[in-house]
Every structure is written in C-alpha cells, then in structure tokens.
Amino acid sequence: MTKSNSIRPQTVRTWYRIHKWSSLICTALLLMACVTGLPLVFSDELQTMLEHHVQPVQVEAGAATANIDAMVAETQAKFPSLHPFNVYWDDDEPRVFVNMSPSDKPKDGEIKQAVFDAHTGRLLEIPTDQFNLIGFLLRLHSEIFLGLTGELVMGAMALSFVVSLLSGALVYGPFMRRLRFGTYRADGKPRTRWFDLHNLLGIVTLTWAFVVGATGVMNAISTPLFGIWRAQTMPTILAPYRGKPAPTHFQSVDATVQQVSSALPKMRISSVLFPNKVFGSPQHYLVWTEGKTPLTSRLMTPALVDVQSGAMTVSKGLPWYLRALEVSRPLHFGDYGGLPLKIIWALFDVALIVVLVSGVYLWLIRRRAPVERELNRLVSLEEQHAGAPAR
Amino acid sequence: MSHSFPFRKVYGPAMVIAVITLYGLLSALLGDGMWDALSWVALAVPLAVIAWKYAAGRKVSTKS
C-alpha cells in the first residue's frame, strides 16, 4: 500500500531524533559562534574605527616601491634580541609589515611588529601591545582559547550543525505537509508561533547556514590540512640539503621578491616567510603569492627560494584540499562582496540565532509535555491517511 | 493521492530559494561590480521571504 514517495513513520522518528541530538550537541557553542561572528563580519570596518594607524603617503599607481631589506634591517635594529619572522603586504593600503620573533613557532604576544610605507620605506609605527578586540573575538569564535584542541572541538561542533541542518530539512517535510509554505500563525499559542518561526527561518536560511557550517568545518581543520601538505612536500624539497649546516648567508629579500614576481607574472606577492623549521623550510624563503582577479586572489601559490643560492622551486599549485580550504574562507566570512554582503551576512546570522533559540524553546516545552507527543500525533495522522481511500 | 507525500508543495518553494541563495553566494565570489550587485539582490530574496511571511501572519491575526 505504501507508495514510494510516502514517508514511513519510523523513518520520520529517526530523522527527528537525529535532528534533536545533533542540534543539542552543537547549540551552546554554535550560539557563541553566532554571537561572536556578528561583529567579526565587520572586522575590517571595526579595525579601522577602533585602531588608528599612521597613514602611508598617497602616490600615483605604479610608483616605485622601497627596498624591503632596509625595512628588515631597521626593524632588526629596534629588536636586536629577536630575528626576522616574516614580511607581509597590506591588502588595502601601501603598507609593509615586518614581524620579529624569538623562535620559529612564536607564542601569543611574542611577535613584535614594525609598519613601513611601501613607497617611501619610512617607518610608520611600531604598534603597541594593546587589547585587540577583533583578535579576542576571533580566538573565542574559532578555538575558544584552546589552540588546536579548540579548533577541532569547534570543527566537530560545526559538523554536528551540518547534520542538524540536513536532518532538520528532512523532518521539515512531514511536519509541514498540512501547512502552506511559510505559515506563520501570529495569533497562535507561543509554542505554535515559535514552531512556525523555527520552520520558516530554518528552511529559508538553510542553504546559507549549510554553506557557512560546512566552510566552518573546513576552516577548523586548516591547521592539520597544512600540516599534511608540508609533510608531503617538504621532505622531497629538503632531501638535497640533508647533513648541510643551517644557512649563514642570506640572499636579499628584495631580490627574492623580484625573482618570484618575474617568475609568476600573474601573481601578486602577499608575504615572505624567513627560514623556518615549523611553518616553512629552514633553507628557503617561503614566498606566498595570490592571483589578481576576484576568484584567483583567493588561490595562493607558494614559491620556495633557497636563501643562499637563490634557486627557486615553484609548487605546481596546492593540492585540492587546500584549494577547497582557500575557497571556503570567503564563503565563511562573507567578506567578498562589499559592505551590502556583510549586512546580508549579519541578517542571516540573526535569523540563525532565532532558529537556535526557538529550537531550544521547542525542545524545552516538548520535554515538559509528554515526550514527542506531537510527533506521535503526526505519525498517527500519517497512518490513518495511509489506510484511507484517495480524496 | 492523499497518502503520497506532497513533495512539490512542501519542498518546491524551499528548493527555489535554495537555488537563488546558491547563485547569490557564488556570484560575488566569481566577479566584482555587477556580480556583487546581483549577489546582493539574490541573497535579499530569502530575507524578503521571511519579512513577507512574518508580516502576512501578523496581518491575518489582527483581522481575526
């Protein structure tokens, strides 16, 4: 009697249980992620507002840039006990950041920074160690101040959220079969109103929530993913250096940048990592480059330049899992379509908070009422109809 | 047939919104300028549906 597209009561019960438990597992941390994510969507704007920085000189497009080595030397003189860690270029303004560190794997607060004007080469400022609101929110949002462990916990949370979304979309069907799409009974009892709101907001924001949840999983496992890539590529590159002492002579950073620029004319240099046993190679500068179009600016290509000989190894692009990670970053942050997209992101985020809170509310009142009575009533309706003649 | 699940009625509108959302999410990723603007318009659709359905529900309740 059961037609192929009718739904068996037992199946609905299973979906419902999966939805309930996967939601309960992720709710608390997810609520925290939604609340901290709201200001983080506007982190660029907040950074500009909260942290005033010395402006670089305005120049015409294509103006010559200053020597990087002079900047590194000046920073080294300011922090004689540290050694150069990396150099990176600001996305929005012609500024160069030089970071100094006591070790290859600096702890929080150990990095000292100097900011230079990319064109004049003048030292703009040495940022003071002040409380960084954006950094604080980001660490809470991504790792609950637990480092890699916290990242993996948040990743598991995001995975549970994705399961909750999929199972939620499945139970949505049986619950909504007698209702018009988007029914909102404002005159109903509180539990009817919240049930309608949960369904309406949940189904309408489903795709957005799924994309942000799935890309959240990707971001959470980025540290292990980069670790796998380094473990796969570095041994081959470093094999010829086995037994050789650490480099003593360092090729100019400026020459390295020029060299990579002419080898990869379609790319823009985003950062240079000094020889580093943990994040790069002890024998090379690791130069990160990115494309110049909206899409390719998300895709980075690394180049390794031997600090002594200047020999260059350009990777043939990153493996697919790192490409997926790179594309998933903007889709998680919502920072790729101007301020209107950020506002849209924030509104979706608020809608998701309502879905979460209403979900918890519905769970609490259903717990007080005999458990899953609603569902049993629904299932019995299904059963009656399954036996009833066609209307 | 009343016992068969009314898939199109229940999931039809949701799937249309899903496709529009997906387009909006990708459009701004693939280009700038016009592509960004189209992304804003597409992603405003689900938000507008929420506002519309919420307002419609309230309107019905004040009438009765």
Side-chain angles (χ1 to χ4, degrees), chain A residues 1-7 169 172-188 193 196-197 200-201 203-212 293-295 298 327 330-331 334 336-338 340-341 343-345 347-348 351 354 382-391, chain B:
Chain A
M1 185 72 218
T2 314
K3 271 187 64 166
S4 61
N5 59 345
S6 69
I7 302 163
Y172 173 86
F175 275 110
M176 290 299 289
R177 62 170 295 167
R178 261 157 246 296
L179 294 169
R180 280 183 52 165
F181 178 82
T183 299
Y184 176 62
R185 289 162 287 186
D187 51 352
R193 283 208 309 270
D196 286 351
L197 215 52
L200 167 63
L201 268 60
I203 199 70
V204 166
T205 60
L206 181 72
T207 309
W208 177 86
F210 180 82
V211 166
V212 172
T293 69
L295 182 63
R298 307 287 173 180
V327 174
L331 286 170
Y336 60 104
L341 190 68
I343 294 169
I344 287 169
W345 228 255
L347 291 172
F348 270 104
V354 176
E382 294 285 322
E383 282 160 351
Q384 277 170 29
H385 274 270
R391 239 184 275 174
Chain B
M1 300 284 269
S2 65
H3 65 270
S4 70
F5 180 72
F7 188 86
R8 198 176 281 189
K9 177 195 139 194
V10 173
Y11 282 110
M15 285 170 87
V16 173
I17 290 170
V19 170
I20 294 173
T21 306
L22 213 54
Y23 170 77
L25 290 171
L26 293 178
S27 178
L29 196 61
L30 298 174
D32 277 337
M34 195 60 196
W35 293 88
D36 281 346
L38 287 170
S39 150
W40 305 333
V41 173
L43 289 176
V45 169
L47 295 170
V49 168
I50 293 174
W52 165 45
K53 290 293 179 185
Y54 183 78
R58 290 187 65 89
K59 208 172 159 192
V60 169
S61 79
T62 48
K63 259 188 224 163
S64 58

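Worth saying up front: this structure is predicted, and the values here are computed from it rather than measured.
Considering only residues two or more places apart in sequence or on other chains, B/Ile20 meets the side chain to side chain contact (heavy atoms under 4.5 Å, CB included) condition with B/Val16, B/Ala42, B/Val45. Remark: A/Leu341 pairs with A/Tyr336, A/Trp345, B/Ala28, B/Ser39, B/Trp40, B/Leu43 by the side chain to side chain contact (heavy atoms under 4.5 Å, CB included) rule, at least two apart or across chains.
Your options are A/Ala351, A/Ala169, A/Pro330, and the one with the most heavy-atom pairs under 4.5 Å with chain B is A/Ala169. Between chain A and the options B/Asp32, B/Leu30, B/Leu25, the largest number of non-hydrogen pairs under 4.5 Å is found for B/Leu25. Contact count versus chain A (heavy atoms, under 4.5 Å) is highest, among B/Gly31, B/Ala56, B/Ala44, for B/Gly31. Note on B/Ser27, B/Gly24, B/Gly57, B/Gly12: by heavy-atom pairs under 4.5 Å with chain A, the leading option is B/Gly57.
Side-chain contact check for A/Thr207 versus B/Ile17: every heavy-atom pair is 4.5 Å or farther apart. Side-chain atoms of B/Tyr11 and A/Met176, non-hydrogen and from C-beta on, never get closer than 4.5 Å to each other. In this structure, the side chains of A/Thr205 and B/Ile50 come closer than 4.5 Å at one or more pairs of heavy atoms. In this structure, the side chains of B/Val49 and A/Phe181 come closer than 4.5 Å at one or more pairs of heavy atoms.
For a residue to count as touching a neighbouring chain, one of its non-hydrogen atoms must lie under 4.5 Å from one of that chain's; by this rule A/Tyr172 touches chain B with backbone and side chain alike. For chain B, the nearby part of A/Leu179 is the backbone; its heavy atoms alone come within less than 4.5 Å. For A/Val204, the parts sitting under 4.5 Å from any heavy atom of chain B are the backbone and the side chain alike.
Pairing each heavy atom of A/Arg180 with each of B/Lys53, the nearest pair is NH2-NZ, 4.5 Å.
With rounding to the nearest 0.5 Å, the separation of OH in B/Tyr54 from CG in A/Asp196 is 11.5 Å. The CZ atom of B/Phe7 lies 13.5 Å from the CZ atom of A/Arg177; values are rounded to the nearest 0.5 Å.
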